Every structure is written in structure tokens, then in C-alpha cells.
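Note that the numbering runs from 1 along the sequence shown for the chain. Side chains are part of it too, since the values below use all heavy atoms of this structure and drop only hydrogens, waters and symmetry mates. Just so you know, ligand 1 is whichever comes first in the structure, and atom 1 is the first atom listed for that ligand. Quick caveat, the model's predicted, so the values are computed rather than measured.
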Amino acid sequence: MKVSFADVMIPNTGALGLGVLKGGKLGPLGESIDKKSGGALKRAIKAAGRFAGDKGETIEVMAPTGTKLSRIVLIGVGKPEDFDQKAAEAMGGTFARRIGGTGEVRAALAIDAKATKVEAFKLAARAGYGARLGTYRFDAYRTKEKPEKKPSLQELAILTDKRADAQKRFATLDKVAESIFFTRDLVTEPPNVIYPRTLANRAASLAKLGVKVEVLNQAKLAKLGMGSLLGVAQGSDHEPYVVVMQWNGAARTKAPVALIGKGVTFDSGGLSLKPPAGMEEMKFDMAGSAAVIGTMRALAARKAKVNAVGVVGLVENMPSSKAQRPGDVVTSMSGQTIEVLNTDAEGRLVLADILWFAKERFKPQAMINLATLTGAIIVALGHHHAGLFSNNDDLSQKLTAAGEAEGEKLWRMPMGDEYDKDIDSDIADMKNIGGKGGGSIIGAQFLKRFVGDTPWAHLDIAGTAWSYKDTATVPKGASGFGVRLLNRYLDELFAGK
Ligand code: BES
Ligand code: MN
Ligand code: ZN
């Protein structure tokens, strides 16, 4: 679907989306169509009975008289003072999803509201963004889909004044959308297609956008002393990789922010094998790395004036006669030893080495890691907030605000020395699991032992990387969680906001 911007007028073909404020008030274009059609829109609103103009509500008017339109979709947008950029984005997503598969090829959506605080061209750009995000599909393996089941919508024109400004603003957002799709694709791909080598290849493709990419193979990782990461990988026939991606869009003097991603391309649990039911979900255990790769892609695609380095640890966690055993002791790159009591607590073992590596090599001003780290975070927060663990209040507050603005919400969780003691081992520096309870905090405390004094945040995205319900801008499936949040956080940080 292509998104364009055009002046506000009644199109002479296709579907048209119009906002309706709470209470049933139409915008200027809606009013003029209502007049032309002898009151068809207001009659439809009345006939619909309970349509109140609340956010997300829709009704359709087919073949409205006095126009050449095939249909008009009336979309509730709530109170005028609530019609902000997020609401415009949801409106775009709602409209495009509603008509995307109806047979309509061309559609227009009017953003002609006057009474809002935000300039209309910004709302228009965000509506286009929402439409793009909401109509994402992953079709790579459908070979038998009937044409009438395929999306029909090809062109969406957003109607607004200052269309050139809207177009320009949208162009940047669209690059972020492409990068979110890149992330969603990676997470959706099956684990026989995406494994460490192929995921490294996809990350390496960012070089064509100007990202400096290094792919470190097993021999290199061994030389670096990454015994903790290598222990996880040793049960699999797939060789592990660490990929380093650098984007320097700001002054050389500014230290980068390091983005670190867990990339377990399949987590069987290893010898501490997971139960069969639901094991297929563990293809998404590389979602943290996919979010980091997608963010780096977004930064490069829109030539962001920020310095960032992405580091992802790519391994497959499998049982075999070569696999690491419960009870093994491994030595991490930091020199700290780890008693591996459960091979299914593998994400932290991977992150331990790449957090340390990123800190030592890049001396970042901050480190943010993303990981589908614990099932326990789903128990605590469900699917609507990711867990935020941090040693720094300022970083936490900035990330939380960025998440709020982008609809990728974070909830800060506690940490503390009492929890840290729970991972002391009897025979090594630490063990990779604690006792009962507080499993997500234990995971965070483990990571904290590898970050030194660097301001650091750990986002446990186990509950948010996959979406189980369609929303206006996130269809069911891989959400791409983290790309929007990090993209905004970095922009605001380097702009000094
Ligand atoms: N990848 C899983 C975490 C996970 C579980 C993500 C369910 C999404 C849904 C992680 O590697 C894991 O297995 N964690 C264990 C830790 C435990 C052994 C301490 C868990 O959560 O059960
Ligand atoms: Mn695991
Ligand atoms: Zn895992």
C-alpha cells in the first residue's frame, strides 16, 4: 500500500474515511458531503444507534448519493482535545485495516480537523504512519491464498492542507515503519530459516544503508573469551555469531549509546528441556536482537544525528551430547565464573558476554539491552508493558517517556542487593538462577554484574515481543516492540531534549 498526501476535497472514486467527534460532529469535508447527499451521513450516524464518535468506533455508508464514492467510513475520534498524534495514528490504522481487504483499491482519509492543538500536517503524517503499521502482513510462505483473500488496497491518500509538509514528515516515519517491518519479519520467520548465520547475514545487509557492520565468528568469540555465550551455543550444530553495528550520525566527540540484543534463534531450553506444548513460540527468542537490528536500520535509513552501536549475540539453544550440562561452570569474558544450574536460563549467559564486550570496547554513555528474558515478566506485567530494570533513574525516566509517546509502554521493576545475593554460587562467582519467586528480577541482577558503572537499562520484552490481539497499528504476531521506543529515545537524547 502506497501512502500519499493530497488537498482536502471529495475524491471521485473509492473509499473515503472521515473522522467523527464524540457527540457525532463531522469535520468540514464531512459536513459538505452530508449536504450534497441530502443528509446521508447524519442519518447513518443516527440509524447506527449506539455510534457515539468514541475512539475506534466505525460505521460505513455504502454508495453515498451525491458522490461517486463506493463507501464512506465514519471513524470515531473522541473529544477534540484528545485528538493528538497518537489518536491520528490509530485512526489511520483503523481505517486502513477496515477497508484493506474489502476489494477497495484506492482510498482517501480526511484529516481536516481544525480544533486541535497539533498542526494538521503532523496529524496527517501520523495517520499515514498508522495505516502503514496496521496493514503489515507476513506472506512469505502462503502459496495458496485466493486472490479475494489478499489485501486489495493499493493507494491511500491522506487529505490535508500543507500536503508537502505532511509528505516530508511522513517520509521519515515511513523509514521507521520499514524498519519495524524488518524486525517483525525477522521474528516471524521460522527457526529453520532464521538461525545465527542467517540472522547475521540479515544484520550485515544494513551495510548498504551506511551502517558499519562486523560479524564475529566462533573463533573470534573464543579469542575474546566469551565462554558464557559459547557455552549456550555448544549444543547446536549452528555456529554462534556476534554482530556489531555502528551508526555515527552525530559528532565524533559524543560517546555512543549501546543497544544490546538477545538473539536466541530457538530456545529449546537445552538439556533443561522445555515442555513440548508451546515450544514453537521460542522462535521469537531472538526478538531483542531483531529490535536492535531494526533500530539500527531506522537510524541509518533516516540518517539520524545520533551515535549508536548495536551488539547482538546470536545462538541456538539445543540439547545434544555436546550441549552444556546443568552443573557446568563457564568463564565469561569479564573473568567472572558462572555455575550453569539451568541451561534454560540461557539469555542472561549470552547477554553477560556482549554487555561486557560493548562496555569495554565502546565506553558507551548508556547501555540498553532488550531480551525475551523471563516467563516471569509475563506473570508480573502481562502483555501490555515490558519490564524495565535499571541502575539509573534519569535513563529510566527518559525510556519510559519515549515508550509512552510511541505506544511501547515500560514499567519499572525493583532491583536490590538482597536479590543479588540469591545468585551467589557455592563453587563459582555466581549461578545463573536464583530460588523461587522474583524470576525477572533475578535475571536483571545477573545482568547487572556485567555492566560496571555504565548507566544501563534492561528491557524484558518476553510479554510484548509477540502480540496476541490485533490493534489498530500492531496486527497479531511479531510486534517489533522496541524499535519505536529506542528510535525516539535516541533522537531526543542527542537533540538534548
Ligand atoms: N526465552 C525464555 C523466556 C521466555 C519464556 C520468554 C516464555 C517468553 C515466554 C528464557 O530463556 C527462559 O527460558 N527463561 C526461564 C528462566 C528460568 C529457567 C530461570 C523461564 O522464564 O522459565
Ligand atoms: Mn530459556
Ligand atoms: Zn530464552
Check: Side chains of D429 and T337: is there a donor and an acceptor less than 3.5 Å apart?
Finding: yes
Margin query: Can you see whether T374 engages S440 through a side-chain donor-acceptor pair at a distance of less than 3.5 angstrom?
Written below: yes
Counting from 1, what ligand 1 atoms have a heavy atom of [X] closer than 4.0 Å?
X    : result
K274 : 12 (C), 13 (O)
I378 : 9 (C)
F284 : 8 (C)
I433 : 19 (C)
G375 : 3 (C), 4 (C), 5 (C), 7 (C), 20 (C), 21 (O)

Check: Which angle, to 10 degrees, forms at the Mn ion (ligand 2) with OD1 of D344 on one side and OD2 of D267 on the other?
Finding: 100°
Note to self: Is it the case that ligand 1 has an N or O less than 3.5 angstrom from some N or O of R348?
What the structure shows: no
Next item on the list: Return a yes/no value for T374: is any of its N or O atoms, backbone included, closer than 3.5 angstrom to an N or O of ligand 1?
Entry: no
Notebook entry, point to check: Which residue owns the protein heavy atom closest to atom 2 (C) of ligand 1, what's the atom, and how far is it?
Noted result: D267 OD2, 3.6 Å
Notebook entry, point to check: Counting backbone and side chain alike, does D267 bring an N/O/S atom below 2.8 Å of the Zn ion (ligand 3)?
Noted result: yes
Next item on the list: Of all N, O or S atoms in E346, identify the one at the shortest distance from the Mn ion (ligand 2).
Entry: OE1
